[in-house]
Participant: 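To start, I am sharing the structure in question, which I have written as structure tokens.
Worth knowing before you read on, the calculation uses all heavy atoms, side chains too, and leaves out hydrogens, waters and symmetry mates.
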2 protein chains.
Amino acid sequence: MKPTMKDVARAAGVSVMTVSRAFRRDASISATTRDRIRAVADELGYVLDSVASNLRSQRSGFVAVVIPSINNANFADTVGALTTEIEAAGMEVLLGRSNYDMAEEERLIGQLLRRQPEALVVTGGRHTDRARQMLAGAGIPVVETWDEPARPIGHTVGFSNAAAAAMMVGHLAERGYRRIAFIGGDSSFDTRGADRRRGFVAAMEARGLDASRLITVGPPPVSMREGAAAMAMLLDTLPDTEAVMAVADPAAFGAMMECARRGISVPGDMAIAGFGNFEIAAVAEPSLTTIDPFPARIGAETGALIVRRLRDGAGDGLGDGLGDGVPTLIRVEPQLVVRASTGADIFPDGAITSPWLPRSA
Amino acid sequence: MKPTMKDVARAAGVSVMTVSRAFRRDASISATTRDRIRAVADELGYVLDSVASNLRSQRSGFVAVVIPSINNANFADTVGALTTEIEAAGMEVLLGRSNYDMAEEERLIGQLLRRQPEALVVTGGRHTDRARQMLAGAGIPVVETWDEPARPIGHTVGFSNAAAAAMMVGHLAERGYRRIAFIGGDSSFDTRGADRRRGFVAAMEARGLDASRLITVGPPPVSMREGAAAMAMLLDTLPDTEAVMAVADPAAFGAMMECARRGISVPGDMAIAGFGNFEIAAVAEPSLTTIDPFPARIGAETGALIVRRLRDGAGDGLGDGLGDGVPTLIRVEPQLVVRASTGADIFPDGAITSPWLPRSA
DNA sequence: TCAAGGTATGGTATCGTTAACAAGTCCGTC
DNA sequence: GACGGACTTGTTAACGATACCATACCTTGA
């Protein structure tokens, strides 16, 4: 049927071992033999079977990554940068999407672990008990990203979503807004969104402001459409609201469009802020104040961390979710990006970024 | 080190064969034995090694999918629907991204084929010669999506991008626009974008209109920012342009925002149309006329086709890129979605959809 | 009571590759 | 001219699971 190394070996008049060497980087083989074997293999339509290769060498060559959604520029940027790092090290990324669902995440993790990944990256710090157990017992480096878990399983590359939301509350309060609302999704699904809401409430209360203007739409992702619907509801029920903070930029944009439809000026009558620094935040008119979590940096740091661990820590630290016994915490600090939607009069020339504010803010 | 079936078998006092059966669906094993073995396996932290399983059974259980970008709602919708179908059949999706680069696509296809996928899905109908050769010789069902290839390799689920673009030209011409421009990316990369441009030019010329207003920005994806930059260039160099058709909705939105910044009314002074029916097209103010290619339907049809082929055609048709010798062509007809950006006066209540126009349009 | 058939379990070979070790070849050097 | 070392190639066994076949036991019906 399909040719194997044995067929190639016979056709080329060498042993299978030599054929194997012809398809590997480090192998000691003469250039002439390698070229001849490759030509014969091409002729036969031979394709290396990496399933067999992985079994024998006990190396799968891939890193499993679980993200909530593949249609989200933030996660896409993280995965993109991560993939670049992983591929530079000669490995591949195996992607799974959880649909913001912890049960689905658990199922995915189980499936992925069966394929013997060399490391596993998850998004967020909250998981089902069984998922935690599988991750901790996997015997490979585990990285939780986009969050600072209360109980880290292995390594962490992320930031505090609550603190980042508090930073935005600080900005709005400094600009003089008092009646501030929050638009977000169903908190039992999107833990990062829930953390941002938590940070919003805590920061508002710390300033003595009313933290009860919370508009909850359906399960994540909170889309543009839902942002518009939430803004409509807000305007109908709490028309004296001065500013709105959305769980993410698309929802903020939807809210802004609803204002446009109703003839409500942004930021004149209503300030709007988002989260994520999606492309739309910079392009929209008016441009959108947001928080940049540096998704690509998260991915790059995660990739570099994994490559480092796999190179240095090979063989040790099984069963601890670390791969080498030393848990790493890499903080990627988000940055406030002030644009027109929260005060065009002060920032007419485009974006102004502020440094990370203290946690107490 | 890590426990294998042998360890589980010893601990449970059964043979490895019985342990194997305890982890499979169809296997003939008593419920009591299975539960006992599973409990023992859990205790030991045993995880099935699907690498070994795949090698022995010669079934990998996954379908490889190559898309240009993971951060594109259209492709994400296709992959989402495809994944649903594939997982319903007990298989998994292995995703690769080509960055709109045919050379990278070729590399990816080579990598993916080594992992013995049971089917392979690619985006678009143009590939390097070597990629074509690999696909045709893979001996598994191959599906080209999002396009109607000139020379199909295997099955096709898609539509003519050129005809869809022509449909949009028809709409704009009917609305009375004559000086129509096209904004697109570097055509050597994004073949679908190039086809849309080709369709634009052909349809314009067929109507005796000037088809030379072509603004080319960088390589794909053509982002919102690039759409805005292209519109700026257009307004500076060809200020008498009446309508703009963008290669995709994000670019159209960017163009619209540039108009907003310059105080140019859409559609009053300038009509704008996009492609893809992204969420932003419905939410933006004004809403955006576009073409809906039904990405989810493409994914669902592709998945159903693959599942059918794998069930029916097992074992035959090796080496033809089909999996069973009968090439299938499934047309998913795009639909024109008329919204405010090309004539709010006529369509004040929201979107109006028109049926597929004939090819000659 | 016994044959026939079904169910549950075990033994052995094998999937296609690579690790580990062995051995042959060629070269320069003293 | 013999020897050490570098380089290249070959032999054998094994990775961890499942296909295939064999077998023991249990049920059923004449």
Participant: For the helix from dT1(C)-dA30(D) to dC30(C)-dG1(D), how many degrees between its two end axes (five pairs per end), to the nearest 10°?
Facilitator: 40°
Participant: Determine: side-chain N/O of Ser15(A) to OP1/OP2 of dG10(D), distance under 4.0 Å, yes or no.
Facilitator: yes
Participant: State whether Arg24(B) places a side-chain N or O below 4.0 Å from either non-bridging phosphate oxygen (OP1 or OP2) of dA19(D).
Facilitator: yes
Participant: Counting the atoms with a prime plus P, OP1 and OP2 as sugar-phosphate, which does Val51(B) contact under 4.0 Å by heavy atoms, base, sugar-phosphate, or nothing?
Facilitator: nothing
Participant: Rounded to the Å, how far apart are Asp49(A) CG and dC15(D) C1'?
Facilitator: 13 Å
Participant: What is the distance, to the nearest angstrom, from the CE atom on Met5(A) to the P atom on dC15(D)?
Facilitator: 19 Å
Participant: The criterion is side chain to side chain donor-acceptor pair (under 3.5 Å); which residues satisfy it with Arg130(A), sequence neighbours excluded?
Facilitator: none
Participant: Could you tell me how far apart Lys6(B) (NZ) and dG16(D) (P) are, to the nearest whole angstrom?
Facilitator: 9 Å
Participant: Just N and O in the side chain of Tyr46(A): are any of them under 4.0 Å from OP1 or OP2 of dT17(C)?
Facilitator: yes
Participant: What is the separation between atom CG on Leu55(A) and atom P on dA14(D), rounded to the nearest whole Å?
Facilitator: 14 Å
Participant: Which heavy atom in Ala300(A) sits nearest to a heavy atom in Ala81(A), and how many Å separate them?
Facilitator: N-CB, 3.7 Å
Participant: Could you state the atom-to-atom distance from CG of Asn54(B) to P of dC15(C) in whole Å?
Facilitator: 16 Å
Participant: Using only side-chain N and O atoms of Thr18(B), determine if any of them is under 4.0 Å from OP1 or OP2 of dG10(C).
Facilitator: yes
Participant: Think Ser57(B) has a side-chain N or O under 4.0 angstrom from the OP1 or OP2 of dT18(D)?
Facilitator: no
Participant: Can you find a donor-acceptor pair, distance only, under 3.5 Å between Arg21(B) side chain and dG10(C) base?
Facilitator: yes
Participant: Using the 3.5 Å cut-off, write out each protein N or O paired with an N or O of nucleotides 23-26 of chain C and the distance between them.
Facilitator:
none

Participant: State, without any angle test, whether Glu105(A) and His127(A) hold a side-chain donor-acceptor pair at a distance under 3.5 Å.
Facilitator: yes
Participant: Heavy atoms from C-beta onward define the side chain here; which of dT17(C), dG10(C), dA17(D) lies closest to that of Thr4(B)?
Facilitator: dA17(D)
Participant: Let me know, please, whether Gly13(B) or Gln58(B) comes out on the 5' side of the other along DNA chain C by nearest nucleotide.
Facilitator: Gly13(B)
Participant: Please give, in whole Å, the distance from dG16(D) P to Asp7(B) CG?
Facilitator: 9 Å
Participant: Taking side chain to side chain contact (heavy atoms under 4.5 Å, CB included) as the criterion, tell me which of Val65(A), Val122(A), Val66(A), Val63(A) meets it with Leu112(A).
Facilitator: Val66(A)
Participant: When you compare the side chain of Glu118(B) with that of Met91(B), does any pair of heavy atoms fall below 4.5 Å?
Facilitator: yes
Participant: If you check the Thr33(A) side chain, which of dT9(D), dT9(C), dT18(D) turns out closest?
Facilitator: dT9(D)
Participant: Show your reasoning for whether side chain to side chain contact (heavy atoms under 4.5 Å, CB included) applies to Arg309(B) and Thr328(B).
Facilitator: CA-CA 10 Å; Arg309(B) 282 293 179 252; Thr328(B) 307; 2.8 Å; yes
Participant: When you measure from the side chain of Ser20(B), which nucleotide among dT18(D), dT8(D), dG10(D) comes out closest?
Facilitator: dT18(D)
Participant: Could you tell me the separation between the CZ atom of Arg59(B) and the C1' atom of dA17(D), rounded to a whole number of Å?
Facilitator: 15 Å
Participant: Taking atom P of dC20(D) as reference, at what distance in whole Å does atom CZ of Arg56(B) sit?
Facilitator: 8 Å
Participant: Among Arg115(A), Arg107(A), Arg97(A), exactly one meets salt bridge (Lys or Arg N to Asp or Glu O under 4.0 Å) together with Glu92(B). Which residue is that?
Facilitator: Arg115(A)
